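FYI, the numbering just counts along the sequence from 1. Predicted, not measured: the structure shown is a model, and the values here were computed from it.
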Amino acid sequence: MTNHPFGLRRPHVAVGPERLLALGDAVFSIAMTLLALDITVPDGLAEAEVADAVADTVPTIGAYLLSFFVIGTLWLVQHGLFRLIATLDRWLLLLYFALLATVAALPFPTRLISEYGETTTATACYAGAIALAVALMCGMYVRLLVNPEVAAPETSRTLLKVEIRHGVLLVLVFATSVPVALYSPTLAKYWWLLAAGTRMLYRKPADQEE
């Protein structure tokens with residue numbers, strides 16, 4: 001008798017999209033909370049040293065706000081994605097677990113960039129983590145496109161293609177910032193601002209249908 005643990009080799013898995021999304025919400029919320037734990041000042045400071053200690057936390061606060069925005073955006077996107085999922089198959093499950101693992105680890109590159117933000121290594125690690133998270137989310141959209149039976153009946157293929165193109169553009173922005181960081185970590189961070197314009201390139205009218 002063949003026994004496949006967790007049902008990963010079955011066409012569909014036992015857990016439903018709602019329960020998996022609930023797990024994801026917990027992981028996202030914990031990751032966002034962990035970001036704030038690095039914002040600290042040393043104990044036992046003299047009154048004259050407090051202002052300097054607070055000023056020293058500015059890079060940490062900046063990295064916290066950046067990652068909070070990134071994780072919050074990914075959280076919103078995942079909710080939009082799960083509205084398009086009717087049932088889960090093993091590929092969606094594996095892609096989503098990989099995404100959750102990446103999100104849960106984001107406090108590490110966030111700490112790197114807050115403490116060593118002027119280095120190539122920290123900047124490249126942060127950009128790579130964001131690119132990986134977006135690529136995994138994009139992969140889930142691709143799965144819905146190539147396997148329509150797991151998608152909700154009203155899901156538009158046009159919408160899926162738009163989201164995939166947008167995801168690919170975002171991955172390119174962060175992935176190409178890695179070689180830019182070899183030249184200048186500061187320039188690589190400005191390079192990330194290109195992500196703000198990617199959505200406008202593929203904005204779909206509300207009434208567009210395939």
Side-chain angles (χ1 to χ4, degrees), residues 24 27-42 52-81 94-143 161-203:
V27 172
F28 273 78
S29 64
I30 292 171
M32 295 171 99
T33 302
L34 290 176
L35 294 175
L37 297 183
D38 287 329
I39 306 175
T40 61
V41 295
D52 289 337
V54 172
D56 290 340
T57 65
V58 170
T60 303
I61 293 173
Y64 159 75
L65 293 175
L66 174 61
S67 291
F68 193 94
F69 173 79
V70 169
I71 295 177
T73 301
L74 289 172
W75 178 78
L76 290 173
V77 173
Q78 73 150 0
H79 273 264
L81 170 62
L94 291 173
L95 286 167
Y96 191 61
F97 274 130
L99 173 64
L100 294 184
T102 304
V103 170
L106 277 179
F108 172 68
T110 301
R111 184 172 184 179
L112 274 182
I113 204 170
S114 69
E115 296 184 2
Y116 307 102
E118 297 307 313
T119 67
T120 297
T121 300
T123 305
C125 284
Y126 192 86
I130 302 304
L132 177 59
V134 176
L136 291 168
M137 192 83 75
C138 186
M140 295 182 71
Y141 278 107
V142 171
R143 184 58 182 169
K161 292 175 182 178
V162 167
E163 295 297 339
I164 291 167
R165 287 194 292 265
H166 180 226
V168 169
L169 280 177
L170 286 175
V171 171
L172 287 175
V173 168
F174 286 98
T176 55
S177 74
V178 173
V180 173
L182 298 174
Y183 171 73
S184 170
T186 300
L187 180 59
K189 294 180 184 66
Y190 284 111
W191 190 269
W192 298 342
L193 295 176
L194 294 173
T198 57
R199 172 60 70 179
M200 293 184 293
L201 293 177
Y202 288 105
R203 183 171 296 171

Quiz prompt | Partner residues of Glu115 under the salt bridge (charged side-chain N to carboxylate O under 4.0 Å, His left out) criterion, sequence neighbours left out | solution =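 Partners of Glu115 under the salt bridge (charged side-chain N to carboxylate O under 4.0 Å, His left out) test: Arg111.
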Quiz item: So, Thr123 side chain and Thr120 main chain: donor-acceptor pair closer than 3.5 Å or not?
Solution: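 No, Thr123 side chain to Thr120 backbone: no donor-acceptor pair under 3.5 Å.
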Quiz item: Under 3.5 Å, side chain of Thr119 to main-chain N/O of Ala122, donor-acceptor pair present?
Solution: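 Checked: pair present.
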Quiz item: Would one find more than 12 heavy atoms of other residues, nucleotides or ligands at under 6.0 Å from atom CH2 of Trp192?
Solution: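 Yes, enclosed.
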For a quick test of reading the model, state the closest non-hydrogen atom pair linking [X] to [Y] and the distance between them.
| X | Y | result |
| --- | --- | --- |
| Pro185 | Glu118 | CG-O, 3.4 Å |
| Ala175 | Ala131 | N-CB, 4.2 Å |
| Ala63 | Ile113 | CB-CG2, 3.8 Å |
| Ala31 | Ala104 | CB-CA, 4.3 Å |
| Ala133 | Leu99 | O-CD1, 3.5 Å |

Is any side-chain heavy atom of [Y] closer than 4.5 Å to one of [X]?
| X | Y | answer |
| --- | --- | --- |
| Gln78 | Phe28 | yes |
| Leu136 | Tyr96 | no |
| Thr176 | Leu194 | no |

Practice problem: Could you name each residue pair satisfying side chain to side chain donor-acceptor pair (under 3.5 Å) that touches residues 127-139, not counting sequence neighbours? | Solution: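 Pairs touching residues 127-139 that pass the test: none.
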Self-check item: Pairs involving residues 130-142, ordered by first then second residue, that meet side chain to side chain donor-acceptor pair (under 3.5 Å) (sequence neighbours left out)
Solution: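 Counting only pairs at least two positions apart or across chains, no side chain to side chain donor-acceptor pair (under 3.5 Å) contact touches residues 130-142.
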Quiz prompt | Single hit among Leu106, Leu170, Thr102, Leu74 for side-chain contact (heavy atoms from CB on, under 4.5 Å) with Ile130 | solution =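 With Ile130 as partner, Leu106, Leu170, Thr102, Leu74 yield a single side-chain contact (heavy atoms from CB on, under 4.5 Å), made by Leu106.
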Self-check item: Non-neighbouring partners of Leu187 that pass side-chain contact (heavy atoms from CB on, under 4.5 Å), sequence neighbours left out
Solution: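 side-chain contact (heavy atoms from CB on, under 4.5 Å) check on Leu187 returns Val180, Tyr183, Ser184.
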Exercise. List for me each residue that meets side-chain contact (heavy atoms from CB on, under 4.5 Å) alongside Ala135, sequence neighbours excluded, and say none if there are none.
Key: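 Partners of Ala135 by the side-chain contact (heavy atoms from CB on, under 4.5 Å) criterion, ordered by chain and then number, come out as Val171.
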Self-check item: Residue pairs involving residues 97-124 (criterion ring-ring contact (aromatic ring centres under 6.0 Å, His included); sequence neighbours excluded)
Solution: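 Checked against ring-ring contact (aromatic ring centres under 6.0 Å, His included) - neighbours excluded - no pair reaches residues 97-124.
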Self-check item: Pair Leu66-Thr110, side chain to side chain contact (heavy atoms under 4.5 Å, CB included): steps then yes or no
Solution: CA-CA 9 Å; Leu66 174 61; Thr110 301; over 6 Å; no
Practice problem: Decide side chain to side chain contact (heavy atoms under 4.5 Å, CB included) for Tyr126 and Leu112; before the verdict, give the C-alpha distance in whole Å, the side-chain angles of both, and the deciding distance to 0.1 Å. | Solution: CA-CA 8 Å; Tyr126 192 86; Leu112 274 182; over 6 Å; no
